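Just so we're on the same page: letters track the sequence lines, and every chain starts at 1. Note that these values count all heavy atoms, side chains included, but never hydrogens, waters or copies made by symmetry. Nothing here was measured: the structure is a model prediction, and the numbers come from that model.
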Amino acid sequence: MVDKTLKTCEEAVAGVFDGATILLGGFGDPGLPGQILEALRSQGAKNLTIVHNGAGGGTHSLGGLIHDGKVKKLIASFPSNPGNQSFQERYLKGEVELELVPQGTLAERIRAAGAGLGGFFTPTGAGTDLAAGKESRTIDGRDMIFEKPLRADFAFVRAHKGDRLGNLNYRMAMRNFNVPMATAAKFVVAEVDELVPPGGIGPEDVHTPGIFVDHVVQVVRHPEYLKITTEGR
Amino acid sequence: MVDKTLKTCEEAVAGVFDGATILLGGFGDPGLPGQILEALRSQGAKNLTIVHNGAGGGTHSLGGLIHDGKVKKLIASFPSNPGNQSFQERYLKGEVELELVPQGTLAERIRAAGAGLGGFFTPTGAGTDLAAGKESRTIDGRDMIFEKPLRADFAFVRAHKGDRLGNLNYRMAMRNFNVPMATAAKFVVAEVDELVPPGGIGPEDVHTPGIFVDHVVQVVRHPEYLKITTEGR
Amino acid sequence: MSLTREGIAYRVACDLPNGAYVNLGIGIPTLVSSFIGPDKEVFFHSENGILGMGPIAKPGTEDPDLINAGKQYVTVLPGASFFDHPTSFSMIRGGHIDYAVLGALEVAANGDLANWRTPGEKVPGVGGAMDLAFGAQNVIVTMTHVTNKGKPKILSKCTLPLTAPRCVKHIFTDMAVIDVTPEGLVLREFAPGLDPKAVQAQTEAPLRVPASCREMSVPANFQQTAQPVR
Amino acid sequence: MSLTREGIAYRVACDLPNGAYVNLGIGIPTLVSSFIGPDKEVFFHSENGILGMGPIAKPGTEDPDLINAGKQYVTVLPGASFFDHPTSFSMIRGGHIDYAVLGALEVAANGDLANWRTPGEKVPGVGGAMDLAFGAQNVIVTMTHVTNKGKPKILSKCTLPLTAPRCVKHIFTDMAVIDVTPEGLVLREFAPGLDPKAVQAQTEAPLRVPASCREMSVPANFQQTAQPVR
């Protein structure tokens with residue numbers, strides 16, 4: 001019988017190696033695998049490349065990982081929120097690299113990796129500073145730039161429900177980057193609120209089919225979830 | 001108040017003009033907008049380019065449209081099923097053009113159009129007869145070919161539930177090409193089993209958000225649906 | 001006289017047609033949703049995967065899984081939908097969003113938009129700004145007419161890095177409503193108490209003033225006698 | 001002796017590991033699912049948007065909205081999921097499908113596969129064949145060892161148009177199990193009653209016969225004394 005469940009977040013991150021590239025799901029807190037992230041912080045791997053929309057808040061969560069000096073490079077669309085102090089301090093000291101990618105391009109590059117595509121042309125960014133060094137061409141009268149797929153060694157995502165086959169269901173705005181990220185890494189683990197038996201997520205309600213997911217770990221939401229998460233985003 | 005519902009399938013096809021390109025959803029019968037298709041057949045527009053996975057069966061449905069000589073060109077992945085007589089007869093007489101596209105490439109080209117992308121590189125087909133005339137390059141050590149977005153004047157799709165805002169929900173295997181097709185045409189109409197009020201499809205259960213859909217028309221499934229649909233696919 | 005921030009948002013809301021799909025940026029744009037009258041349905045999109053957003057959540061009713069792109073806790077209306085980022089940005093890049101209402105640092109006469117890098121800002125961030133500026137059918141800019149140092153923001157040519165070239169269709173400020181046309185900027189309306197000359201004086205790029213140019217119709221509570229909004 | 005069609009499918013089923021994600025083509029491949037033992041879970045994918053397919057629907061229980069890629073009415077197992085075509089082919093093209101079991105007209109010693117255009121066929125159709133051949137982690141071919149005219153189908157070089165170059169990893173026929181390796185074709189097993197020489201006699205491409213090469217272990221009901229399967 002297939003059983004993709006893990007008992008702890010420590011197991012989820014045990015294989016992360018120095019220099020690994022990690023897709024980190026979530027947009028703000030919805031869909032952010034916060035407890036896997038805390039386990040990753042304790043695990044100790046360094047020189048990480050993190051792909052995430054933002055740069056995390058304060059000195060916890062992704063902010064904590066950066067604060068600890070574990071992150072070599074961030075690939076993000078919006079690391080400039082006032083709450084992103086850890087990143088900003090290290091970035092200004094030249095201790096973290098940044099690859100800035102428009103949000104939709106970031107999502108699409110991750111999707112392209114998961115879909116086995118070699119890249120795509122997009123209008124977004126053509127003729128701007130973010131087109132620097134990128135191949136460009138005019139397609140149907142529109143200036144476009146070439147964007148490459150973005151794949152990773154690990155993807156950590158958060159869903160609402162999961163089953164032992166790796167099927168995932170997201171509540172409300174949790175889907176965000178998690179859906180493409182779950183398709184684009186060699187090793188994918190989902191943190192979920194609730195483990196259900198197969199069929200507990202109806203076949204029409206599976207947002208990430210189990211084929212994409214290596215492991216699922218159930219966590220108890222922090223009782224101060226809402227309070228904690230309103231700061232530092 | 002926004003009301004995207006139509007009363008009849010005739011209204012759905014009233015604007016179809018000679019020479020139009022039409023995305024026709026469905027794979028086999030699930031998701032095939034059969035009643036809009038019959039209305040289209042009666043409407044009389046000709047020199048149509050139809051994008052569909054197959055070529056329809058017998059002398060009804062898409063087969064009927066081809067039988068009637070209304071189709072100038074078919075863009076499809078699998079028009080060679082023994083049931084596709086109407087297409088095959090006209091194709092062998094040189095009366096219908098065929099653009100043959102691998103199934104996954106067909107779906108992705110339609111998605112690319114709806115997503116505003118200029119095209120993508122894919123390994124599928126590289127080094128085969130279907131790569132003829134296509135730009136190729138090696139990406140990360142893999143031979144790839146360039147595929148262009150495929151957009152249309154009209155898209156006709158079929159869903160299970162719909163609301164006046166154009167939100168659609170599909171049962172089981174109905175989603176198939178309908179989801180990308182609904183994003184990739186100037187004028188999109190969905191045939192549905194059931195019209196529900198807004199909210200009647202839960203926000204997590206909307207598979208095609210209303211933003212993509214111009215009109216929704218409720219139809220009564222043909223009582224012989226199952227029987228009819230087992231032939232000629 | 002000039003418009004308050006709410007006044008600018010109100011004026012934009014008046015122009016959004018029934019059935020429009022609209023993405024609102026952070027700042028003044030966010031205020032637009034509260035001024036959509038009961039006579040029309042306008043659908044608000046959020047980059048993080050929401051269509052059909054309702055008002056900001058009331059204190060105590062926040063759902064931790066439901067925020068907008070500005071990270072505020074929000075609500076959804078009947079008929080809303082949730083989806084992933086690739087789908088959300090397909091809506092944007094694919095031209096399905098009818099209106100993107102965005103803030104701006106500078107707008108040029110040809111519609112060039114600069115709104116993603118502030119002068120002196122050391123850590124860059126772009127978010128969904130470029131996607132929206134390149135992708136939406138109509139880009140509407142809302143901003144104060146001049147900087148907080150009194151310098152014009154509507155220019156012959158942008159000096160800051162562009163978000164997207166030639167994308168802005170309409171500009172709504174505390175002083176005016178301006179359309180970007182192939183023939184340059186056209187002053188459609190000026191704030192109550194102003195006149196075209198007063199607007200031009202605060203606008204570096206030349207404004208055409210058609211015969212139809214008129215004073216805005218905005219309720220008194222959205223007007224202020226003080227300096228223009230900073 | 002040679003294997004029946006069911007015997008070929010059975011032999012493939014024996015090799016599919018627990019937890020594998022598998023797409024089955026039309027013909028002999030379709031039969032594979034019935035031979036997965038209760039000791040393992042294998043997940044069957046259908047191009048039209050199904051993962052976790054169960055058996056063909058029993059007469060009278062067919063659901064008109066639930067067919068497989070071969071247009072048969074099917075069922076789903078608990079834990080199944082439905083999705084759209086772009087997602088389904090992301091699974092295929094993205095290398096998420098572990099095994100594609102496909103029929104073939106010809107296979108070459110270097111793994112080239114020809115299975116989409118039959119000689120003399122006037123109307124071409126490709127369906128998902130190329131996507132699967134290019135995308136799946138492991139392409140397994142099931143076929144009769146020779147054509148119905150007795151000609152070898154395992155060749156030094158394909159004569160028919162390719163579906164994909166160098167994609168086939170394993171070949172299962174009524175006579176043999178053959179692995180495609182960088183050093184060429186390796187005969188892993190031969191049907192009961194045959195020997196490597198008999199297999200080579202029906203194989204145009206040279207076969208390497210390692211010391212580990214052995215007779216297949218297949219129940220007697222999957223064997224036939226008649227001519228090989230046509």
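Side-chain atoms of C:Arg93 never come within 3.5 Å of backbone atoms of B:Gly116 as a donor-acceptor pair (strictly under, hydrogens ignored). Under the 3.5 Å distance criterion, the side-chain polar atoms of C:His45 are left unmatched by any main-chain donor or acceptor of B:Ile211. Under the 3.5 Å distance criterion, the side-chain polar atoms of C:Glu41 are matched with a main-chain donor or acceptor of B:Val2.
When heavy atoms are compared at a cutoff of 4.5 Å, C:Ile92 does not approach chain B at all. Contact annotation for C:Pro38: neither backbone nor side-chain heavy atoms come within less than 4.5 Å of a heavy atom of chain B. Proximity to chain C (any heavy atom under 4.5 Å) is shown, for B:Arg151, by neither the backbone nor the side chain.
A pairwise comparison of heavy atoms in C:Pro86 and B:Arg111 identifies CB-NH2, 3.7 Å as the closest pair. Taking every heavy atom of both residues into account, B:Pro209 and C:Leu51 meet most closely at CB-CD2, 4.0 Å. Among all heavy-atom pairs drawn from B:Pro198 and C:Pro78, the shortest one is O-CB, 3.6 Å.
Here CG of C:Asp39 is found 13.5 Å from CE of B:Met1. Values are rounded to the nearest 0.5 Å. Atoms CZ and OG1, on B:Phe212 and C:Thr87 in that order, are 6.5 Å from each other to the nearest 0.5 Å. To the nearest 0.5 angstrom, C:Ser81 atom OG is 9.5 Å from B:Asp163 atom CG.
Every residue two or more places apart in sequence or in another chain that forms a side chain to side chain donor-acceptor pair (under 3.5 Å) with B:Glu11 is listed here: B:Thr8.
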What side-chain donor-acceptor pairs closer than 3.5 Å can you find for residues 177-189 of chain C, not counting sequence neighbours?
unit_1, atom_1, unit_2, atom_2, d
C:Asp179, OD1, C:His170, ND1, 2.7
C:Asp179, OD1, C:Arg188, NE, 3.4
C:Asp179, OD1, C:Arg188, NH2, 2.7
C:Asp179, OD2, C:Arg188, NE, 3.0
C:Thr181, OG1, C:Glu183, N, 3.1
C:Thr181, OG1, C:Gly184, N, 3.3
C:Thr181, OG1, C:Gly184, O, 2.7
C:Arg188, NH1, C:Asp15, OD2, 2.8
C:Glu189, OE1, C:Arg11, NE, 2.9
C:Glu189, OE1, C:Arg11, NH2, 3.4
C:Glu189, OE2, C:Arg11, NH2, 2.7
C:Glu189, OE2, C:Arg214, NH2, 3.3

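Your options are B:Gly199, B:Ala115, B:Ala113, and the one with the most heavy-atom pairs under 4.5 Å with chain C is B:Ala115. Note: B:Leu117 leads B:Val179, B:Asp205, B:Leu117 in heavy-atom pairs under 4.5 Å with chain C.
Within 6.0 Å of NZ on C:Lys40 lie more than 12 heavy atoms contributed by other residues, nucleotides or ligands. Within 6.0 Å of the NZ atom in B:Lys148, the count of heavy atoms belonging to other residues, nucleotides or ligands does not exceed 12.
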Next item on the list: Please lay out, stage by stage, how B:Val206 and C:Phe83 fare under the test side chain to side chain contact (heavy atoms under 4.5 Å, CB included).
Entry: CA-CA 8 Å; B:Val206 172; C:Phe83 34 84; over 6 Å; no
